Amino acid sequence: MKTNAIHNHENTRTIIGPLAQGAAIGAAAGVAGKYLIPLTAEEKKSDEYIKISRKVQEQKNAYNFRTQKYINSLMAKDKRSLAEDEFIKMFDGAVEGQKIKPSKIKTAINNIVEKNPNELFEFKRICKNSSDVAEQTAKQFMSAYNLITKHIRPLTFFIATGAIIGGAVALINDALKVKK
């Protein structure tokens, strides 16, 4: 036989457990949201972000270590085509950050057309491959910089917002539960 005090205690429910659980899940979602939410227009309009993205675009088309690495891979071949030789010659004497002048490209194209016009397509392919490598590197750098920009976001805002939303969802869920 149960006493009345024990019987009443068994029937009472507390919201503290579900509320705390909902807030904890919401806070964890808030931390994940800090990195999953894309950059806002305001973040992309900041002076630092604009400066960095312009610098990346400038360096993408300039002679640098990536270009030298690509040239070294061409130079390592035992037999090089005329197109590869002309591509390598375009960068003779180039220094870090220097852009190749259009006159050098035209000279290379003219040399290829004079000696073997069939290799013009290969020259264009080599130039495109070099540009693709530079483009891919620029995208990787901007992706990393976007992550850094997201890391700068205030963590407390995302934790608090997530905890409040998670707690509210837990309260609504508990209120909607049907008593048995």
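Here, residue 1 is the first one in the sequence, and each next residue gets the next number. Since the structure is predicted, the reported quantities are computational estimates derived from the model, not experimental observations.
Hydrophobic clustering (side-chain heavy atoms under 4.5 Å, transitive across Ile, Leu, Val, Met, Phe, Trp, Tyr) keeps Val133 apart from Met142. A continuous path of Ile, Leu, Val, Met, Phe, Trp and Tyr side chains, each step under 4.5 Å between heavy atoms, connects Tyr70 with Tyr63, placing both in one hydrophobic cluster.
Within a 6.0 Å sphere centred on OH of Tyr35, heavy atoms belonging to other residues, nucleotides or ligands number more than 12. Other residues, nucleotides and ligands place no more than 12 heavy atoms under 6.0 Å from the CG atom of Asp47. A 6.0 Å sphere centred on CD of Glu42 holds no more than 12 heavy atoms belonging to other residues, nucleotides or ligands.
Evaluation of the salt bridge (Lys or Arg N to Asp or Glu O under 4.0 Å) test over residues 134-159, restricted to residues two or more places apart or in two chains, returns Glu43-Arg153, Lys60-Glu135.
At distances below 3.5 Å, not a single donor-acceptor pair connects side-chain atoms of Glu86 with backbone N or O atoms of Ala83. In terms of modelled atom types and a separation under 3.5 Å, the side chain of Ser53 and the main chain of Ile50 share a donor-acceptor contact. The main-chain N or O of Ala170 is never found under 3.5 Å from a side-chain atom of Asp174 such that the two would form a donor-acceptor pair. At distances below 3.5 Å, not a single donor-acceptor pair connects side-chain atoms of Glu84 with backbone N or O atoms of Leu74. The backbone N or O of Ile126 sits nowhere less than 3.5 Å from a side-chain atom of Ser130 that would complete a donor-acceptor pair.
Clustering of Ile, Leu, Val, Met, Phe, Trp and Tyr side chains at separations under 4.5 Å leaves Leu36 isolated, with no partner residue.
In this structure, Lys34 and Val31 have side chains that are not in contact, with every pair of non-hydrogen atoms separated by 4.5 Å or more. Two residues are said to be in side-chain contact when any heavy atoms from C-beta on lie closer than 4.5 Å; Tyr49 and Leu39 meet this criterion.
Under 3.5 Å, the side chains of Tyr145 and Glu48 contain a donor-acceptor pair of N or O atoms. For the residue pair Asn64 / Glu96, no side-chain donor-acceptor distance below 3.5 Å is found, with atom types taken as modelled.
The residues Asp85 and Lys89 are annotated as not salt-bridged, no charged nitrogen and carboxylate oxygen being separated by less than 4.0 angstrom.
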